[in-house]
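Some notes on the structure that comes next.
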Amino acid sequence: MGASWIKDAIFYEIYPQSFQDSNGDGIGDLNGIIQRLPYIRSLGCNALWLNPVYDSPFKDAGYDVRDHKKVAARYGTEEDLLRLFREAHKLGIRVLLDLVPGHTSEEHPWFLESAKAEENPLSDRYIWTSNAFCGGDGMPFIGGEHPRDATYIINFFKCQPALNFGYRDIHDPGWQMPIDAPGPLATREAIKDIMRCWLSRGCDGFRVDMADSLVKNDHGYKSATMEVWKDIAGAIHREFPDAALVSEWNHPEQALACGFDMDFMLDWGGNGYNQLMRYYQLDKQGNILRDNSYFKAGADADISGFLADYRYDEWKDLGMRCLITGNHDTKRCAFNLDDTERRLAFSFLLTMPGAPFIYYGDEIGMAYRWLPTKEGGYHRTGSRTPMQWDGSENMGFSRGREADLYLPVDQKGATVESQEQDPNSMLHYVRSLIALRRTHPELGNESPFAAYHMGKRLFAYRRGDFLLAVNPGREEEKVALDREYTVVFSMGPVALEADTLRMGKQSFAVLKPEK
């Protein structure tokens with residue numbers, strides 16, 4: 001494993017556009033984040049993940065990078081970002097930037113050079129076919145827009161041409177290159193150069209967007225993509241041994257084996273993480289038809305779907321698998337879970353192995369809102385609204401005009417200020433969970449995990465010698481105990497009776513063994 005500091009890291013994800021506007025233009029910025037660092041530290045979080053802050057046309061909210069080494073003007077300057085690193089470090093907070101290695105903006109200088117008719121050193125930086133009428137071998141492609149007599153492969157939107165890391169299975173040797181061809185190798189070096197640029201200036205590492213998507217036609221075990229990352233991550237860890245690399249991969253047995261320190265468990269249709277909080281069906285209007293999420297009180301699901309996908313024993317010796325409350329790509333957990341259900345979900349997420357990630361605003365129960373798309377957000381837009389700080393104008397997010405706000409604020413939503421004043425609020429509960437985790441090493445990032453008992457809805461699990469149990473259902477369930485315990489933290493009706501733990505409806509308990 002590379003970075004040692006991740007052993008006790010608890011992350012807070014910030015969507016920069018929507019966190020804090022310091023200059024009144026309606027868009028969040030780096031100086032706004034700096035202003036709010038004490039709040040982040042007060043939660044107990046000691047690490048940040050910033051969504052992209054690089055120069056961009058913002059056709060996909062910054063995930064269409066135009067210049068990897070330049071800060072977007074809307075957020076401030078390079079010096080503002082370096083000051084953010086410094087001020088965060090003073091508070092003991094590490095900072096991850098978002099690395100987008102699979103594609104760039106179509107306005108990136110690399111792409112404009114690559115699109116020229118004449119051959120040049122960047123001709124192979126992107127994936128171009130053999131002629132302007134050639135298809136993409138099953139992948140989406142664009143043609144007819146540039147002087148070059150070829151079409152080019154895109155990763156997502158039309159504005160995001162795919163960088164060339166090569167192909168594993170080559171169907172057309174006329175334009176598909178192996179991963180060790182000069183063009184793909186040069187792309188790897190360009191990504192290393194970007195990483196060195198920011199790590200040498202105070203960045204503590206990267207969350208890597210769609211890390212498993214680099215090599216094309218690399219199906220199954222992703223062996224070619226893993227080879228590429230072994231090269232990149234190996235070089236970076238040798239030069240910056242304390243840099244953390246966190247992958248958006250969702251297969252830790254692959255990601256951790258090729259050099260990443262942590263891998264996300266993600267909300268990808270029907271998987272185990274999805275079944276915890278977002279296992280619902282919607283109608284065409286976005287209304288919930290059925291919700292069988294594990295933490296939904298009225299559901300009938302047990303934890304088995306999650307455990308089948310979690311597979312702790314398969315990756316525990318390689319690194320960490322991280323659980324998130326949500327992120328910029330998912331509907332907020334308040335979309336379908338009420339306050340009690342969210343508290344139970346947080347109780348579980350914040351007492352599991354790996355470095356947990358809290359998405360800004362989830363700690364106060366910010367709502368998901370159906371909104372028109374903004375900067376390529378589409379259905380994700382409603383999870384990207386401004387942070388709700390207080391009851392002042394624009395909920396404390398911006399002193400600018402309402403009409404200029406990046407997205408509209410939720411005038412009726414919870415605020416940090418109101419929840420600070422309520423000792424029974426979600427905010428105080430989240431703080432208490434983080435404090436519990438920090439107080440007891442048995443609940444830490446690297447402490448062992450094992451399933452102990454699974455009932456109809458109840459799940460009990462070990463973290464080291466501690467025993468934890470969560471019952472999201474509406475009926476009491478019991479757990480037979482193997483030794484004497486003391487309850488050190490609980491929510492809802494919990495009772496110890498001789499060798500039995502009684503868990504009432506919607507309850508959570510942390511038990512410490514008696515000496």
Side-chain angles (χ1 to χ4, degrees), residues 9-15 18-20 28 32-49 88 91-93 276-277 295 323-328 330-352 355-369 382-392 394-398 409-440 443 470 472 488-492 506-508 510:
I10 296 177
F11 284 87
Y12 192 80
E13 179 192 350
I14 291 178
Y15 189 68
S18 294
F19 195 60
Q20 180 67 66
I33 296 172
I34 293 171
Q35 291 174 14
R36 298 296 185 177
L37 287 174
Y39 166 75
I40 295 164
R41 196 66 185 92
S42 78
L43 291 175
C45 295
N46 59 356
L48 291 178
W49 159 27
L91 294 175
I93 298 174
L276 290 178
M277 297 185 290
F295 287 107
L323 295 173
I324 61 177
T325 66
N327 67 11
H328 60 289
T330 65
K331 289 184 176 62
R332 287 192 179 273
C333 49
F335 173 69
N336 64 312
L337 301 183
D338 64 24
D339 182 84
T340 301
E341 292 163 346
R342 291 196 306 275
R343 292 180 191 225
L344 289 172
F346 268 75
S347 299
F348 181 72
L349 297 175
L350 290 174
T351 56
M352 287 290 284
F357 282 70
I358 297 173
Y359 184 47
Y360 82 97
D362 279 355
E363 74 275 16
I364 60 171
M366 276 180 59
Y368 174 85
R369 302 169 65 200
S383 292
R384 302 175 176 186
T385 54
M387 182 66 175
Q388 297 154 199
W389 294 105
D390 55 47
S392 65
N394 299 322
M395 309 295 276
F397 164 68
S398 172
V409 296
D410 184 359
Q411 298 287 358
K412 298 180 180 180
T415 66
V416 171
E417 180 184 57
S418 64
Q419 294 206 4
E420 289 279 18
Q421 298 169 0
D422 178 7
N424 296 314
S425 67
M426 178 75 178
L427 176 59
H428 279 279
Y429 187 74
V430 171
R431 278 203 181 110
S432 68
L433 284 169
I434 293 175
L436 177 77
R437 186 181 182 101
R438 295 212 177 281
T439 301
H440 299 289
L443 305 179
V470 60
V488 296
F489 186 93
S490 66
M491 169 189 160
Q506 293 186 291
S507 58
F508 173 74
V510 179

L427 and V416: which non-hydrogen atoms are nearest, and at how many Å? CD2-O, 4.0 Å
Does a side-chain heavy-atom distance below 4.5 Å link L436 with L350? no
All heavy atoms of L91 vs all of P38, minimum pair found to be CD1-N, 4.0 Å
Inter-residue atom distance F19.CZ - Y12.OH, 0.5 Å rounding: 4.0 Å
Beyond-backbone contact of T340 with M491, side-chain heavy atoms, under 4.5 angstrom: yes
Would you check, one step at a time, whether the test side chain to side chain contact (heavy atoms under 4.5 Å, CB included) holds for V470 with T351? CA-CA 11 Å; V470 60; T351 56; over 6 Å; no
N/O donor-acceptor pair under 3.5 Å between Q388 side chain and E417 backbone: no
Side-chain touch Q411/M395, heavy atoms, less than 4.5 angstrom: yes
Pairing residues for H328 by the ring pair (Phe, Tyr, Trp, His ring centres under 6.0 Å) criterion, not counting sequence neighbours: W49, Y63
Can you tell if the side chain of T439 reaches within under 4.5 Å of the side chain of V488, non-hydrogen atoms only? no
Sequence neighbours left out, what passes ring pair (Phe, Tyr, Trp, His ring centres under 6.0 Å) with Y429? Give chain and number order. F489
Sidechain-backbone polar pair: R36 side chain, Q20 backbone, donor-acceptor under 3.5 Å: no
Within the 4.5 Å heavy-atom criterion, are I324 and E13 side-chain neighbours or not? no
Residues in ring pair (Phe, Tyr, Trp, His ring centres under 6.0 Å) with F346, at least two apart? none
With no hydrogens and no angle check, is any side-chain donor or acceptor of R437 less than 3.5 Å from a backbone partner on M352? yes
State the CZ-CD distance between F295 and E341, to the nearest 0.5 angstrom. 10.5 Å
In sequence, state the C-alpha distance, the side-chain angles, and the governing distance for L433 and S347, and then conclude on side chain to side chain contact (heavy atoms under 4.5 Å, CB included). CA-CA 7 Å; L433 284 169; S347 299; 4.0 Å; yes
Side-chain touch L43/R431, heavy atoms, less than 4.5 angstrom: yes
Which heavy atom of K331 sits nearest to which heavy atom of S383, and what is that distance? CA-OG, 3.3 Å
Verify, without hydrogens or angle tests, whether Q419 (side chain) and I364 (backbone) share a donor-acceptor contact under 3.5 angstrom. yes
Working to the nearest 0.5 Å, report the span between CG of D338 and CZ of R343. 10.0 Å
Report yes if some heavy atom in the side chain of Y359 is under 4.5 Å from a heavy atom in the side chain of Y15; otherwise report no. yes
So how far is it from N327 CG to T330 OG1, rounded to the nearest 0.5 Å? 4.5 Å
Value rounded to 0.5 Å, distance of CD1 in I93 from SG in C45: 8.0 Å
What verdict does the side chain to side chain donor-acceptor pair (under 3.5 Å) test give for S392 and D390, after you've listed the backbone C-alpha separation in whole Å, the side-chain angles of each residue and the deciding distance to 0.1 Å? CA-CA 6 Å; S392 65; D390 55 47; 2.4 Å; yes
Between L344 and F508, the two heavy atoms sitting closest are CD2-CB, 3.9 Å
Looking at M277 and T325, what are the two nearest heavy atoms and their distance? CE-O, 3.7 Å
Main chain of R342, side chain of D339: is a donor-acceptor contact present, judged purely on distance under 3.5 Å? no
For V430 and D362, what are the C-alpha separation, side-chain angles and deciding distance, and is it a side chain to side chain contact (heavy atoms under 4.5 Å, CB included)? CA-CA 10 Å; V430 171; D362 279 355; over 6 Å; no
Keeping N394 on the side-chain end and V409 on the backbone end, is there a donor-acceptor pair under 3.5 Å? no
Are side-chain heavy atoms of I10 and P356 found at a separation under 4.5 Å? yes
Using modelled atom types only, decide if a donor and an acceptor are shared between the side chain of S18 and the backbone of R384 within a distance under 3.5 Å. yes
State whether Y360 and R332 meet the cation-pi test: NZ (Lys) or CZ (Arg) under 6.0 Å from the six-membered ring centroid, and within 45° of the perpendicular axis. yes
So does A414 get a backbone contact from the side chain of S418, meaning a donor-acceptor N/O pair under 3.5 Å? no
Heavy atoms of A367 and A334 approach each other most closely as CA-CB, 4.2 Å
Roughly how far apart are T415 OG1 and W389 CH2, rounded to 0.5 Å? 10.5 Å
Do D410 side-chain atoms and K412 backbone N/O form a donor-acceptor pair below 3.5 Å? yes
